[in-house]
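Since the structure comes first, as structure tokens, the remarks are kept for the end.
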Amino acid sequence: PAIPDSLPRLEELAHNLRWSWDYQARSLFRRLDRDLWESSGRNPVLMLGQIDQRILNEAAADRAFLAHYERVCRDLDHYLSGEDSWYRLNHDNQQDTLFAYFSMEFGITDCMPIYSGGLGVLAGEHLKSASDLGLPVVGVGLLYQEGYFRQYLNPDGWQQEAYVERDFYTLPIKPATKDGEGPLKVTVPLDGHPVVVQVWLAQVGRIPLYLLDTNLPDNSAEDRDITDRLYGGDRDMRIRQEIVLGIGGMRALAALGVEPQVCHMNEGHSAFVAIERIRQLMMQKDYSFDQARIEARAGHVFTTHTPVAAGNDFFPAELIEKHLGRFYKELGLGLQQFMALGRQNADDAHEAFCMTVLAMHLSDHNNAVSQLHEQVTRRMWAATWPGAPEAEVPVSHVTNAVHTESWISHDLAELFDTYLSPGWRDQPGDVNLWQDVNEIPAEELWRTHERRRERLVAFARRRLHHQLRSRGVPLSRLGWVDEALDPQVLTIGFGRRFASYKRPLLLLKDAERLARLVNDPDKPVQVIFAGKAHPRDEQGKEMIRSLVHLCEQPAFRKRLVFLEDYDLDVARYMVQGVDIWLNNPRRPLEASGTSGMKSSLNGVLNVSVLDGWWDEAYNPEIGWAIGRGETYQDESVQDQVESEALYDLMEKDIVPLFYRRSGNHLPRQWVERMKRTMIELGPLFNTHRMVRQYAERYYLPSLDHSRWFATKDGANAAAVAEWEARIQREWPNVAFIDISAD
Ligand SMILES: *Cc1c(COP(=O)(O)O)cnc(C)c1O
């Protein structure tokens, strides 16, 4: 269809992903054609490619639509100008500053399925907040043809994975170009031959996100598949993906003329960034390897996310030699010297190459993602700094967070607009501003929340109907679905990956006790579950199957529901509509967790093990803790003790509090807790706070370090390299010669 003359910027609006967190822009597209908006997967680019010309022409002549359109355009212009952004007001005394953020996944909106879970959502929201704050950042990631899988279940409840191939020209992205030439391409060495990588651009508000794609006719069939699936392949595929992300990513930026001073590696996947930066410095400035290593290191920030050893990437020497043999020769290194960069013990010829260790060796700042995770990380990686006391292992933390405007329900946002100062959108880190949540009348807050719960129940019924039909259940046996769940009943949400350490079945441990809870005639409870298991995690799939079997039993059918294909959309309905968000990982394996933050923004109360973020957020006035932060030797004992603690909390505290109603059916004390939750957690667990901390604690100091090294033609880097070498060389000669004490 042809875009009418009176709506010249419609394409531009569709291509700036700011609509994914701007309600006005989204509702402009929805207003055009409600059905198509939904059927296009809420993808305005696909929508504009399929829309009926007549509808567009009508919109172009509709005064109300035009006014809405003008408002959205004006707002975007103001937003993009960045006039009153935090960075402009506080730090913009440096010219030509640029930070780059690398991640294997980005969760920005559902029509771009290049994320699998929390890590990706965090990366997407890091960019959204960087954009809101005016921080000069570019993002770099991979553009997967199929991305992560869509989940559906077979009639036995066994997870099936469907991969949907994307047509990039129907996504809100464009080929990246330089100086108006054709699509930008770079090459990356792999297995002794060059692989061609095309660069795409997704505009996230003010932030460009460059996405790399190897599915090109220039490449062999095998190489075309590198950017096919997220976390889909074996070790060999994984290292090739990580080479494309790290080395290809840095080359793409160089080819675009984009020169970041500081590179942030989000998780070990992108740690090859560090070695490519070293190579570039050696080529450009004729540095020695050590000189380049020292200078590059000053500009690297690394965040680790995974306290589960198996979640970190390890590569055997054969794979490193196969894919990077030519590369490290260019650096003047042999295999063992290169392997040492990724080993805790450089002299251990059997140790595999670990991406986390590589990143830690080559970063100015290493950080974990919560206070507790910092301690766990120090212990876990202490051997990377042999002999250093745990307290001196150089790891700090910035606690994860969520992007407020991406998760708060529109209904609640409207209440905030009425009762809070308008700054709640731009400065959600301001503690004082959240105090005004107290001004919201309890009745109004409760009605708003009940409306969200009703919407969640309607949504769940629709999904349930659809998924059971797809599983082959005849319509005649689906009558009960219209009565599944009850919009008045205390609703618990459990939405997260089905990994065994997250223990999705803990609440089901004592089926009889659970049946009594959910079927209580006066004070019933219902639970909505959702989550994907990794395609190769048989245990995770087994947990889904047993959960689904239990959901099918008559005692549970209307009260326990599993929603297929957990994604941002399902998550949004859940965190906005439930009353309780349940989280029961095995401490301390949940590095942070973020879904509980999404729910707390919406006044949902958390019930959680004291792990990750909840260990620092919990206080008895806002939510509940399962246990007191104990760790156990025996997992079955732990499950027994903690499931009983959970039932006790439900029976004695949570259910009675929820159903304690005043005259007009209002649970006053519950609403009081909802308010406390928002007031206390709102200002802390938002990505504006998080990104500011990254900027002030890591990016800006690193920027100074890099600039210091970049002066004097590398003399500073040479001096530090020299010093390090001397200390290493002379260390064995250090001795206590005399000790005296009084
Ligand atoms: C927030 C989110 C996650 C991460 O939630 P955790 O609490 O960290 O487990 C995973 N998947 C989706 C779709 C999300 O929105």
Side-chain angles (χ1 to χ4, degrees), residues 20-21 42 103-126 128 147-151 230-231 266-267 303 305-308 311 368-370 372-373 399-409 463 492-504 506 528-534 537 540 543 563-578 580-602 604 606-609 611-615 617 623 681 685-687 690:
S20 68
W21 72 100
R42 278 160 264 119
S103 179
M104 189 85 160
E105 38 173 317
F106 284 94
I108 294 167
T109 172
D110 276 314
C111 71
M112 298 231 299
I114 55 171
Y115 71 95
S116 85
L119 181 72
V121 177
L122 183 83
E125 297 184 2
H126 193 104
K128 290 178 185 177
Y148 205 55
F149 70 93
R150 305 279 309 259
Q151 176 196 53
L230 172 59
Y231 306 138
N266 186 45
E267 191 55 305
T303 305
H305 290 265
T306 319
V308 184
V369 293
S370 71
L372 179 62
H373 182 228
T399 303
N400 280 349
V402 299
H403 184 255
T404 310
E405 284 195 276
S406 295
W407 290 103
I408 196 159
S409 74
R463 294 285 287 226
I492 301 175
F494 185 98
R496 46 179 45 85
R497 287 183 299 117
F498 272 53
S500 33
Y501 81 85
K502 295 193 182 236
R503 294 191 293 181
L506 195 74
I528 302 179
F529 292 91
K532 296 175 177 178
H534 186 279
D537 180 4
M543 290 191 291
L563 299 183
E564 291 176 7
D565 205 27
Y566 188 52
D567 63 2
L568 292 170
D569 189 40
V570 177
R572 204 168 283 118
Y573 271 99
M574 287 177 69
V575 300
Q576 295 175 355
V578 300
I580 290 286
W581 194 254
L582 177 64
N583 182 34
N584 44 34
R586 221 181 271 294
R587 190 180 198 257
L589 298 182
E590 184 78 292
S592 166
T594 49
S595 54
M597 305 171 186
K598 299 167 189 167
S599 59
S600 69
L601 265 178
N602 286 288
V604 172
N606 276 268
V607 177
S608 171
V609 166
D611 196 8
W613 79 289
W614 193 237
D615 187 56
L681 305 183
F685 297 98
N686 62 78
T687 39
M690 181 186 86

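Both counts, for ligands and for their atoms, begin at 1 and track the order of listing.
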Next item on the list: Could you give me the CA-CA distance, side-chain angles and deciding distance for Asp569 and Arg42, then say whether salt bridge (Lys or Arg N to Asp or Glu O under 4.0 Å) is met?
Entry: CA-CA 10 Å; Asp569 189 40; Arg42 278 160 264 119; 3.2 Å; yes
Next item on the list: Any chance you could lay out the side-chain contact (heavy atoms from CB on, under 4.5 Å) test for Thr594 and Glu125, step after step, and finish with the verdict?
Entry: CA-CA 11 Å; Thr594 49; Glu125 297 184 2; over 6 Å; no
Going from [atom1] on [X] to [atom2] on [Y], what distance comes out if it is rounded to the nearest 0.5 angstrom?
| X | Y | atom1 | atom2 | answer |
| --- | --- | --- | --- | --- |
| Tyr231 | Met104 | OH | CE | 6.0 Å |
| Ser103 | Leu119 | OG | CG | 5.0 Å |
| Ile492 | Met574 | CD1 | CE | 11.0 Å |

Looking only at protein heavy atoms, identify the closest one to [atom] and say how far it is in Å.
| atom | answer |
| --- | --- |
| atom 14 (C) of ligand 1 | Lys598 NZ, 2.9 Å |
| atom 10 (C) of ligand 1 | Gly118 N, 3.5 Å |
| atom 8 (O) of ligand 1 | Thr594 N, 3.1 Å |

Check: Are Thr687 and Lys128 linked by a side-chain donor-acceptor pair shorter than 3.5 Å?
Finding: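 No - no donor-acceptor pair under 3.5 Å links their side chains.
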Numbered atoms of ligand 1 (with element) below 4.0 Å of [X], judged on heavy atoms:
| X | answer |
| --- | --- |
| Arg496 | 7 (O), 9 (O) |
| Gly117 | 10 (C), 11 (N) |
| Leu568 | 13 (C), 15 (O) |
| Ala571 | 15 (O) |

Item checked: Per atom 9 (O) of ligand 1, closest listed option by heavy atom (Lys502, Arg497, His305) ->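 It is Lys502 whose heavy atom sits nearest to atom 9 (O) of ligand 1.
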Item checked: Shortest reach to atom 13 (C) of ligand 1 by a heavy atom, considering only Leu122, Val570, Leu119, Asp567 -> Asp567
With only distance considered, is [X] within less than 3.5 Å of ligand 1 through an N or O on each side?
| X | answer |
| --- | --- |
| Tyr566 | no |
| Ser116 | no |
| Ser595 | yes |

Margin query: Within the structure, is a non-hydrogen atom of Trp407 found at a distance of less than 4.0 Å from ligand 1?
Written below: yes
Notebook entry, point to check: Phe494 vs Phe529 aromatic rings, parallel, tilted or perpendicular, using cut-offs 30° and 60°?
Noted result: tilted
Check: Should the pair Asp615-Arg587 be classified as a salt bridge under the 4.0 Å nitrogen-to-oxygen rule?
Finding: yes
Next item on the list: Tell me, with the steps shown, if Glu590 and Tyr501 meet side chain to side chain donor-acceptor pair (under 3.5 Å).
Entry: CA-CA 8 Å; Glu590 184 78 292; Tyr501 81 85; 3.3 Å; yes
